[in-house]
Amino acid sequence: MKKTRVLSGMRPTGKLHLGNYLGALDNWVRMQDEFDCFFFVANWHALTTGADNVAEVPANTIEMVADWLGAGLDPERSTLFIQSLVPEHAELHLLFSMVTPVAWLERVPTYKEMVEQLGLESPSYGLLGYPLLQAADILMYKPAWVPVGIDQVPHVELTREVARRFNNIFGEVFPEPQAKLTEIPKVPGTDGRKMSKSYGNAIYLSDPPETVRQKVRPMVTDPARRRRTDPGNPDVCPVFDLHRIFTPPPDREYCATGCRTAAIGCLDCKDVLLKHLEPALAPIRERRQAFAEKPDRIVDILKAGSVRARKVAEATMSDVRRVVPLMP
Ligand code: TRP
Ligand code: SF4
């Protein structure tokens, strides 16, 4: 029986942290048995907020894909590829641009946020077209599902509208994919805010055990628990959010009760967390390190995956060219 296809991608932002892992990657890894998975590096998308980012793209690609492989993405079962090695994405994006009103793109919330956040005075055409390139990335593979976080839902929604519009104008080529929302646990960074590379509060999959320890020990806790003798409240403590993810119930209960009764200190509590965090991270870290030492192997995996992806892309583009006949 043919497996249902899923497709997702990430911009090459470099090494991944626990938030990226629990919010997306872990989910991708678990989907590999059940689905026909396509996962790709959105390297053109990395240029949409500044073409000078290109200098970092190759190294960031290696770091990120080392984490993918370390976390357990398996190039035998899943197709791992690079967007720019499948130039059909650009051709499809161009055709989509002919049927997409500019107003649709101006309405996309991530566009407005980017322009405001980065204070861009004259945002590029590429930034405005970001979600349309994403629509091409997705529809090229005719997936049933697109596993993404909630922030990407407007992009998948736009993708569906573009598919409908294209099909109406030219003929049925694209099934409408659906976002598959991943249940994302709350992953706080060391300062208690959402874990994010730009906040400098992240624990990376590549961090050695000593670094993880040095990040967890000074981590922000329940601010009301100022002294060792003050009872605390695990429900408002970012450390406890990590306990919920990594610590099995008996030890978690021990920490919660110890916190509420001031029977244990925050450092004791963090040591319990570290005891459970380390065995979760170690296999990923070791595997990613082995891959990171062989960047050529990573490139080979991505090239082989891109050849496979390109076969699918070529088949889709021949459907497209049939309904958009340009040649005399
Ligand atoms: N916009 C996505 C992100 O920032 C990355 C992406 C590009 C993507 N193309 C895609 C995700 C296609 C899913 C499908 O996370
Ligand atoms: Fe947080 Fe643990 Fe300290 Fe309680 S004991 S405030 S749960 S770190």
Side-chain angles (χ1 to χ4, degrees), residues 5-13 16 19-20 23-25 27-28 37-49 64 81-84 86 89 92-93 108-111 113-114 127 129-141 143 145-159 162 177-182 188 190 192 216-244 247 251-274 309:
R5 183 170 292 161
V6 304
L7 170 128
S8 196
M10 285 185 202
R11 276 169 299 140
T13 49
L16 300 180
N20 303 131
L25 188 51
N27 207 57
W28 291 9
C37 295
F38 282 68
F39 300 123
F40 76 101
V41 181
N43 57 353
W44 280 328
H45 276 112
L47 309 182
T48 52
T49 50
M64 183 174 80
F81 69 100
I82 296 191
Q83 186 183 39
S84 67
V86 189
H89 289 220
L92 188 57
H93 171 233
V108 173
T110 45
Y111 174 68
E113 281 160 26
M114 275 287 183
L127 184 66
Y130 183 120
L132 198 60
L133 178 57
Q134 182 164 350
D137 298 336
I138 296 170
L139 293 173
M140 186 69 85
Y141 301 91
W145 302 103
V146 186
V148 284
I150 188 112
D151 61 311
Q152 294 293 310
V153 167
H155 293 176
V156 179
E157 210 35 64
L158 178 87
T159 300
V162 170
Q178 268 188 304
K180 191 177 176 66
L181 276 185
T182 43
T190 50
V216 168
R217 290 207 118 216
M219 191 167 162
V220 166
T221 63
D222 172 3
R225 197 172 185 204
R226 288 212 301 279
R227 259 165 271 148
R228 167 69 178 76
T229 47
D230 296 337
N233 178 4
D235 292 332
V236 301
C237 176
V239 173
F240 204 76
D241 288 325
L242 296 181
H243 272 303
R244 285 185 215 282
T247 307
D251 276 7
R252 200 196 309 153
E253 260 320 296
Y254 165 83
C255 288
T257 309
C259 175
R260 290 200 172 93
T261 58
I264 63 168
C266 287
L267 281 178
D268 305 320
C269 181
K270 288 167 173 172
D271 281 340
V272 174
L273 174 63
L274 283 164

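Any value given below was found using the heavy atoms of this structure, including those in side chains, with hydrogens, waters and symmetry copies removed. Because the structure is predicted, anything quoted here is derived from the model rather than measured. By convention here, the first residue in the shown sequence is residue 1. Counting starts at 1 for both ligands and their atoms, in listed order.
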How many angstroms lie between [atom1] in [X] and [atom2] in [Y], if you round to the nearest 0.5 Å?
{"X": "Arg225", "Y": "Cys269", "atom1": "CZ", "atom2": "SG", "answer": "8.0 Å"}
{"X": "His89", "Y": "Trp44", "atom1": "NE2", "atom2": "CH2", "answer": "7.5 Å"}
{"X": "Cys255", "Y": "Arg244", "atom1": "SG", "atom2": "CZ", "answer": "12.0 Å"}
{"X": "Tyr130", "Y": "Leu127", "atom1": "OH", "atom2": "CG", "answer": "9.0 Å"}

Where Met114 and Thr49 come nearest, the two heavy atoms and their spacing
SD-CG2, 3.8 Å
State, to 0.1 Å, how close Met64 and Arg11 come at their nearest heavy-atom pair, and which atoms those are.
SD-O, 3.3 Å
Check ligand 1 for N or O atoms under 3.5 Å from a protein N or O and list each pair with its distance.
unit_1	atom_1	unit_2	atom_2	d
ligand 1	1 (N)	Tyr130	OH	2.7
ligand 1	1 (N)	Gln134	OE1	3.0
ligand 1	1 (N)	Gln152	OE1	2.9
ligand 1	4 (O)	Arg11	NE	3.3
ligand 1	4 (O)	Arg11	NH2	3.3
ligand 1	4 (O)	Tyr130	OH	3.1
ligand 1	9 (N)	Asp137	OD2	2.8

Between Tyr111 and His155, is the ring centroid distance below 6.0 Å?
no
Test Pro188 against every option in Val239, Leu242, Val220 by the side chain to side chain contact (heavy atoms under 4.5 Å, CB included) rule and name the one that passes.
Leu242
N/O donor-acceptor pair under 3.5 Å between Arg252 side chain and Phe240 backbone:
no
Protein N/O/S atoms closer than 2.8 Å to atom 3 (Fe) of ligand 2
Cys266 SG
